[in-house]
Amino acid sequence: MSSQTKDTGREELRAARRQSRQYYWFVGIFSALVNLLMLTGPMYMLQVYDRVLGSRSVATLIALTVLVIFLYSMMGLLDYVRGRVMGRVAARFQAALDLRVFDAVLRRAAVQPDELSQTGLRDLESVQRLMSSPVLLAAFDIPWTPVFLFGLFIFHPWMGSLAVVGGGFLICVTIANQIISRDPTLKSNMAVMQAERTSDQIRSEAEMVQALGMRSDAFTRWIGARGQALSGQITSADITGTFTTFTKAFRMLLQSLMLGLGAYLVLQGELSSGAMIAGSILMGRALAPIELAIGQWPLVTRARKGWDNLAQLLTEVPAEKERTALPKPAARLDVQQATVVAPGEQQAALRMISFNVNPGEAIGVIGPSGSGKSTLARALTGIWRPAGGKIRLDGASLDQYGPDVLGHHIGYLPQRVTLFDGTIAENIARLSPQPDAGAVVEAAKKADAHDMILKLPQGYDTRVTSIGGRLSGGQMQRIGLARAMYGDPVILVLDEPNSNLDNEGSEAVNTAIKGFKAAGKSVLIMAHRPAAIKECDKLLMLEAGQRVAFGPKDEVLQQMVKNHQQIQKAATPGGVR
Ligand SMILES: Nc1ncnc2c1ncn2[C@@H]1O[C@H](COP(=O)(O)OP(=O)(O)OP(=O)(O)O)[C@@H](O)[C@H]1O
């Protein structure tokens, strides 16, 4: 990938961050005030030691203390406000990108369910967490460290020098922490995600795990993943913990050393005792943000990785372009020399396929397992883009329709039907927030699923889960068909629509196909079972990703029988040689 393309995703992230630019200024100004107010403690000490103790004036002490209470209250208030503002800036950043990232995740997962598509939303969350954490506020405080150090130089050059040497050492420790903890932290994060994935998968396939007696092996696999995650977390926590403890102890030592140096300078008559105490406090303030950053480093590492991942994801899955809306198409498909390569594969699953579908036609796509029927279904529904050739719906290539628009024109019943958690009506209405009850019932009627749904305990309001819940395989398939027919599509692509159906169910699907054809629409049926092609007018036969026949159903079937007989004859001793 060229660096130019890489930047588009990063630019999108930066643009989302820039949306809150004015708030950063606000936080920056508040941070300046907070840091100035942090001088309250040292100043108070200076005044108490040098003025109050010298003059023995209780009134001065009371006046100073009242002032200090006020200044600390102001500091607390400003610190609280800047924390709240950053929390909202982070939420705003996430809200600005949530939909875009989810869309990118979804589009990538449809063609390439890899790590990037699985972690996208978590990556966004990790950046949001860093933005709302105290570490980011520490980043606003760190520029003030030199100011505090300068203050120390004013007290005495030696004190300033000690603080610079100590602070420099702490910065070196921070860098070492970053270098040493980076890989273990990333590995531990990956292991945690892998363990989560394993447990999700086992949970979603609970029935099969139980039925095939896979429980103990599944547990072993999960415990393995979990063990790796835990040991990774321990290693990473050990490293960060070591650095945190060391930094804390070192900072405390440095503070005492500063006090000791101050005392020595007092004894030499070069410093007042107030400056001695104030200097020690000032140095503590100067180094506090560095210490905080070291303690929270895993958060920083995770967020940086998240930022890089998001930049890559958004670059590789660019935002959908606005398309000119096209009128509702006629049920005409034209497939010309289409070559389709499955994501991540080298070899084409479909090669130079051409055929056409006219309004009112049903086409059966037949062929042995692995011949490319489902691949064709994915290409026709726009899930996989052809690597070569064109697929046109009523003259326009599929990518001229937006994905949601195309989904409404071409109804799709996948080979393996999965539903979403919700009611049957919501599922048929494709999760529409305001399902059109009339359209839901109409789709169910067209799919001949209406009576079957009414027989369920709560009819259309029966709740189902992603794996169906109370529904049988055949019932899920018929609800899947109703879902494909929702919204008045012009073309239906049905991948093995009757694989789970009994005779009655198959007949119901055939009735649905008949009705669809009669309305001038067209249907493509990827089929294994003869019952599925009953309503087909033409057949497309695939073998090893290539078209071996296309034409009227009877002709193709006759040709199949002829080929079969020839093969049998050739295989029989004394047959055709
Ligand atoms: N997601 C995928 N990633 C990589 N290769 C794939 C993917 N899906 C299918 N293939 C490959 O594409 C080829 C065609 O598979 P396809 O699922 O289209 O066959 P099919 O005719 O629908 O088979 P079946 O009748 O068993 O459903 C096969 O070689 C398969 O390995």
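Indexing begins at 1, ligand by ligand and atom by atom, following the structure's order. Residue numbers start at 1 and run along the sequence shown.
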Check your understanding: ligand 1 and G370, any nitrogen or oxygen pair closer than 3.5 angstrom?
Key -> yes
**Study point:** Proximal ligand 1 atoms for A349, defined as those under 4.0 Å from one of its heavy atoms
**Key:** 12 (O), 13 (C)
**Study point:** Side-chain donor-acceptor pair present, T423, D461, cut-off under 3.5 Å
**Key:** no
Point to revise | Heavy atom of protein closer than 4.0 angstrom to atom 4 (C) of ligand 1 | key: yes
Practice item. With rounding to the nearest 0.5 Å, note down the distance linking CG in D537 to NZ in K517. Key: 4.0 Å
**Study point:** Atom indices of ligand 1 within 4.0 angstrom of P368 heavy atoms, with elements
**Key:** 21 (O)
Check your understanding: Does at least one non-hydrogen atom of R378 fall below 4.0 angstrom from an atom of ligand 1?
Key -> yes
Exercise for review: Would you mind running through ligand 1 and noting each atom that sits below 4.0 Å from a heavy atom of S374?
Suggested key: 17 (O), 18 (O), 20 (P), 22 (O), 27 (O)
Exercise for review: Check whether any side-chain N or O of R463 sits under 3.5 Å from a backbone N or O of D421 as a donor-acceptor pair, and report yes or no.
Suggested key: no
Check your understanding: How far apart are the C-alpha atoms of Q415 and S374, what are their side-chain angles, what is the distance that settles it, and do they pass the side chain to side chain donor-acceptor pair (under 3.5 Å) test?
Key -> CA-CA 8 Å; Q415 199 168 19; S374 297; 3.2 Å; yes
Check your understanding: For ligand 1, which atoms have a heavy atom of W384 less than 4.0 angstrom away?
Key -> 1 (N), 2 (C), 7 (C), 8 (N)
Practice item. Count the heavy atoms belonging to other residues, nucleotides or ligands that lie under 6.0 Å from CD of Q201, then report whether that count exceeds 12. Key: no
Review point. Does the side chain of Y460 come under 3.5 Å of the side chain of H450 through a donor N or O and an acceptor N or O?
Key: yes
**Study point:** Which of the ligand 1 atoms, numbered from 1, are nearer than 4.0 Å to a heavy atom of T375
**Key:** 12 (O), 14 (C), 15 (O), 16 (P), 18 (O)
Check your understanding: Do any nitrogen or oxygen atoms of Q415 come within less than 3.5 Å of a nitrogen or oxygen of ligand 1?
Key -> yes
**Study point:** Pair N356-D334, side-chain donor/acceptor within less than 3.5 Å
**Key:** no
Exercise for review: Determine whether the side chain, the backbone, both or neither of E345 has a heavy atom under 4.0 Å from any heavy atom of ligand 1.
Suggested key: side chain
Check your understanding: Identify the closest protein heavy atom to atom 26 (O) of ligand 1: which residue and atom is it, and at what distance?
Key -> S369 OG, 2.9 Å
Exercise for review: Pull out every atom of ligand 1 sitting under 4.0 Å from any heavy atom of A342, numbered as shown with elements.
Suggested key: 2 (C), 3 (N), 4 (C), 5 (N), 6 (C), 7 (C)
Review point. Any non-hydrogen protein atom below 4.0 Å of atom 1 (N) of ligand 1?
Key: yes
Review point. Is D488 salt-bridged to K328, going by a charged N under 4.0 Å from an acidic O?
Key: yes
Check your understanding: Looking only at heavy atoms of G372, does any of them come nearer than 4.0 Å to an atom of ligand 1?
Key -> yes
Check your understanding: Is the closest side-chain heavy-atom distance between V357 and I491 below 4.5 Å?
Key -> no
